[in-house]
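One structure is given below, encoded as structure tokens.
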Amino acid sequence: MTQNERAVAARSGGGFGEGAGPNPAGQDPAAAFAELRRQVEAAVASGNAAALGQIAQNPALPQGFREGLSRLPAQALATPEGRAGVQRTLEEQFRAYEVAAEWTARAVKEAFAGAIATIYRWSIGGVVLALLATAMMPNLPLPQRRRGGEDQPAPVPAEL
């Protein structure tokens with residue numbers, strides 16, 4: 001599977017999400033989408049309108065894609081020229097999903113990077129404030145015990 005196919009499978013709608021993990025059947029979502037794509041391409045190449053209609057009923061496909069598959073006329077699959085036209089249309093659809101997936105991935109990455117940058121800005125500001133607050137504290141000596149067996153600590157000088 002190519003990187004673009006994985007990107008489409010991972011980010012297009014209809015239940016294929018990155019990090020979604022295996023589906024209930026134990027199959028990776030990207031692999032499931034790639035398999036559905038192969039099935040669609042095989043059905044178009046063979047001209048089998050019934051198989052294409054059955055694939056169009058799959059709820060894992062994005063809604064717009066399912067509607068497009070169900071609207072394909074059987075006459076378009078009857079001739080080699082028609083099948084080539086349908087194949088070109090499907091490729092345009094897959095490219096559109098790839099572009100949308102790339103835009104979505106870029107937007108998510110930019111949002112995450114912006115959030116992390118904001119966290120670091122606030123954290124650095126907090127560290128600077130804490131450093132200034134500790135720099136203004138008086139330097140008091142620590143209490144020490146006197147030698148000679150007394151367990152009483154030395155009196156602490158009080159500053160006012």
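None of the values given here were measured: they were computed from a predicted structure.
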Checklist entry - Does the side chain of Leu77 come within less than 4.5 Å of Val44's, by heavy atoms? => result yes

Checklist entry - Atom CG in Leu52, atom CD in Gln39: separation rounded to 0.5 Å? => result 11.0 Å

Next on the checklist: Any non-hydrogen side-chain atom of Gln57 less than 4.5 Å from a side-chain atom of Gln54?
Outcome noted: no

Item to check | Matching residue for Trp122 among Ile119, Thr118, Ile124 - test: side chain to side chain contact (heavy atoms under 4.5 Å, CB included) | outcome: Thr118

Checklist entry - Ion pair present between Glu92 and Arg95, side-chain N to carboxylate O less than 4.0 angstrom? => result no

Item to check | Minimum heavy-atom distance between Ser70 and Glu67, given as atom pair plus value | outcome: OG-O, 2.8 Å

Item to check | Residue pair Ser46 / Ala43: nearest heavy atoms and the distance that separates them | outcome: OG-O, 3.1 Å

Checklist entry - Quick check: are there more than 12 heavy atoms from other residues, nucleotides or ligands sitting under 6.0 Å from CD of Gln87? => result yes

Checklist entry - Any side-chain heavy atom of Leu90 sitting closer than 4.5 Å to one from Phe65? => result yes

Next on the checklist: Between Arg38 and Glu35, is the salt bridge (Lys or Arg N to Asp or Glu O under 4.0 Å) condition met? List the steps.
Outcome noted: CA-CA 5 Å; Arg38 282 190 289 275; Glu35 178 61 30; 3.3 Å; yes

Item to check | Joint hydrophobic cluster, Val128 plus Met136, side-chain heavy atoms closer than 4.5 Å | outcome: no

